[in-house]
Every structure is written in C-alpha cells, then in structure tokens.
Amino acid sequence: MLRLGERQELVVVKEVAFGVYLADPESEKDSDEKVLLPGKEVPENTEAGDRISVFLYRDSKDRMIATTRQPEFSVGETAVLTVKEVGKIGAFLGWELEKDLLLPFKEQTRVVKEGEECLVALYIDKSGRLCTTMKVYPYLKLDSPYKKDDKVKGRVYEIREKYGVYVAVDDCYSALIPKKEPADGLTAGDRIEARVAQVLEDGKLTLSLREKAYIQMNSDALRIMEMLKEKGGKLPFNDKAAPEVIKAATGMSKNEFKRAVGNLYKQRLIMIEPDGIRKV
C-alpha cells in the first residue's frame, strides 16, 4: 500500500523515459497502485527490481509522486516551518518540497504572519491532501530522553489560564509549565530554557523556569539585595508579609522569599525588623 506523507521502501516495477514507476513490494504483483519517481531523482544505474527509499506527496497537479529527498517531517510528526504567504484560506508554509503546505485558518491557534516560524503537525485532510495544524498537542511525543532536573529547550505553543503554559521540548516532546509556576510574560511562539521538574508516568514533562531551591536561593538573595539598594537600604515588608504582597513586589513566592531572607540574615547582610527588612 502506498502511504501518502510517509517515507517507505518501494520497488522499481517499470522504467520510462521520464523516470521510474514504483510499487509496494508487499502488495500483490497485479496491483495497479504505482507512483512515479521523476528521472532527475532516480539513482544512477537503477534497474527494475531495485528497492528505493522515497517520500510520497502530491505535486502541483494533485498527483501522488515520489521523491528521494527527506522532508522535515512525516504524517503524525511535528516540525517548525516558515510562513511564506497568507492567502484567502490560510497560510502557506515552505518546506523541503516544491509544493507549499497549507495551514488553514481553522487550524491556527493564533494569527500568523509572513516570515514567521510556526510549530505545526502534518496530517491528511478530508480531501486526501497533506495539510498542517498548529493544534500539536495530540502529535507530541511522550518518550523524551530527559529526566528530573535536566535542562531543556522548548517552544511555547499554547497558554491556558486553567492549566498553565504548554511547551514542545525540542519541538517534539510534550511538556507543561503548571499555572502554579512563575511564567509571566510568555506568549505562544516564545523559545524558552527550563528545568525538568518531573517526568510523569505517561511520559509528559513538567517544567519549571526556576532553578532548584538551593541554587535559586542565591539568585533570589541577590535580587533582594538589589531591591534594598534601589530602595535606599530598606524594604517596607518582611518574610511575614502576605504572599500576594511579596509576589507583587519581588516576583517570588513566600517560601522563596523566606529562604532568601534567611540566607541573607545568616550572612549578617540584613536585619529583619517588625516593619520590614534593613540592609546592614
């Protein structure tokens, strides 16, 4: 069976002036299902019976055709492609093959512009054509090689207030920054670096933009010292302040703030007073 949008090994069954016709070696010999590999892509000295690894797609006349080139992805996979133009039915994305891929408006999670990079998945639409979608969640892999506390790079593809920030690690692995984690200012399309906080049983990754507590404490302590310098040596609240007050002023959770304040106090760099914190 010929599989559109996939790479497969086919056998040469007929040679013609403009290329060779290929068929699935597992199919019945009398099958009429054949596909053309154009002459410019036929390996030298190819003969009938030879097997060739090809990718199947549709050309500008909507005919299935084979290529020995390797596109960025196959059906069911994700890749980052660039918007070449925006038309009446959607955006057109460039890839390794001549015919651009359609990203329909209904498959866009946000408005895209010419020249912009998009994380998309490849699928076959109801008309039997290769198409792309920005709704990549079902297509992301769950078998990443990462473990707890590994540093990873990823791309934000969706933000849901109820759950958090959805990230595609390495543009292909499923991950989430939970809403309890600080992630202010992120938007879809942003590239980020994060730490793996947890690997769930199903393989999905939970991410944090913050370091482990004992490492983060040092940077949080530095931030407090910078704030003391900016405020003339005193902050009008201490570690007993309401969590929302601390968060608004420092961007830290109450626990993070308490750890950092405790660290500074032990080093005799600050004094904790009833109405605030003072630099020594």
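Note: hydrogens, waters and symmetry copies are ignored here, and every other heavy atom, side chains too, is used. Count residues from 1 along the sequence.
Annotation for Met1 and Glu33: closest pair CA-OE1, 3.5 Å, computed over non-hydrogen atoms. Considering every non-hydrogen atom in both Leu207 and Pro178, the closest pair reads O-CD, 3.6 Å. Taking both residues in full, the closest heavy atoms of Lys141 and Asp143 are given as CB-OD1, 3.4 Å, listed atom of the first, atom of the second, then distance. Residues Phe73 and Phe55 share a closest heavy-atom pair of O-CE1, 3.8 Å. Across all non-hydrogen atoms, the minimal contact from Glu114 to Val86 is N-CG2, 4.3 Å. Listed here is the closest heavy atom pair of Leu56 and Ala66: CD2-CB, 3.7 Å.
Electrostatic pairing of Arg155 and Asp190 does not count as a salt bridge here, judged by no charged N lying under 4.0 Å from a carboxylate O. Classification of Arg278 and Glu273 as a salt-bridged pair holds, one side-chain N sitting under 4.0 Å from a carboxylate O. Taking 4.0 Å as the cut-off between side-chain N and carboxylate O, Glu256 and Lys247 do not count as a salt-bridged pair. One finds a salt bridge joining Asp275 and Lys234 here, because a Lys/Arg side-chain nitrogen approaches an Asp/Glu carboxylate oxygen to under 4.0 Å. Classification of Asp150 and Lys147 as a salt-bridged pair holds, one side-chain N sitting under 4.0 Å from a carboxylate O. Under 4.0 Å is where a charged nitrogen must lie from a carboxylate oxygen, and between Arg129 and Asp62 at least one such pair does.
Side-chain N/O atoms of Glu158 and Tyr163 include no donor and acceptor closer than 3.5 Å. Side chains of Thr82 and Glu117: no donor on one and acceptor on the other come within 3.5 Å. Side-chain contact, Ser74 with Glu6: no donor N or O sits under 3.5 Å from an acceptor N or O.
A tilted orientation is assigned to the rings of Tyr166 and Tyr157, their planes being inclined by 30° to 60°. Ring pair Phe237/Phe257 is tilted by interplanar angle, where 30° to 60° counts as tilted.
Cluster annotation: Val120 is connected to Val75 through the hydrophobic network of ILVMFWY side chains, with a link wherever side-chain heavy atoms come within less than 4.5 Å. When the side chains of ILVMFWY residues are joined at heavy-atom separations under 4.5 Å, either directly or via intervening members, Tyr173 and Met134 end up in two distinct hydrophobic clusters. In the hydrophobic cluster analysis, where Ile, Leu, Val, Met, Phe, Trp and Tyr join through side-chain heavy atoms closer than 4.5 angstrom, Val136 is grouped apart from Leu103. Linking ILVMFWY residues whenever their side-chain heavy atoms come closer than 4.5 Å, directly or via other members, leaves Val156 and Leu176 in distinct clusters. In terms of hydrophobic clustering, with Ile, Leu, Val, Met, Phe, Trp and Tyr side chains grouped at heavy-atom distances under 4.5 Å, Leu10 and Val20 are assigned to a common cluster.
Grouping Ile, Leu, Val, Met, Phe, Trp and Tyr by side-chain contacts under 4.5 Å, direct or through others, puts Phe92 with Ile89, Leu102.
Arg7 places a side-chain N or O within donor-acceptor distance of the main-chain N or O of Thr68, the cut-off being under 3.5 Å. At least one donor-acceptor pair closer than 3.5 Å links the side chain of Gln8 to the backbone N or O of Arg3.
Screening residues 174-201 for ring-ring contact (aromatic ring centres under 6.0 Å, His included) gives no qualifying pairs among residues at least two apart or on separate chains.
With rounding to the nearest 0.5 angstrom, the NZ atom of Lys258 is 14.5 Å from the OH atom of Tyr265.
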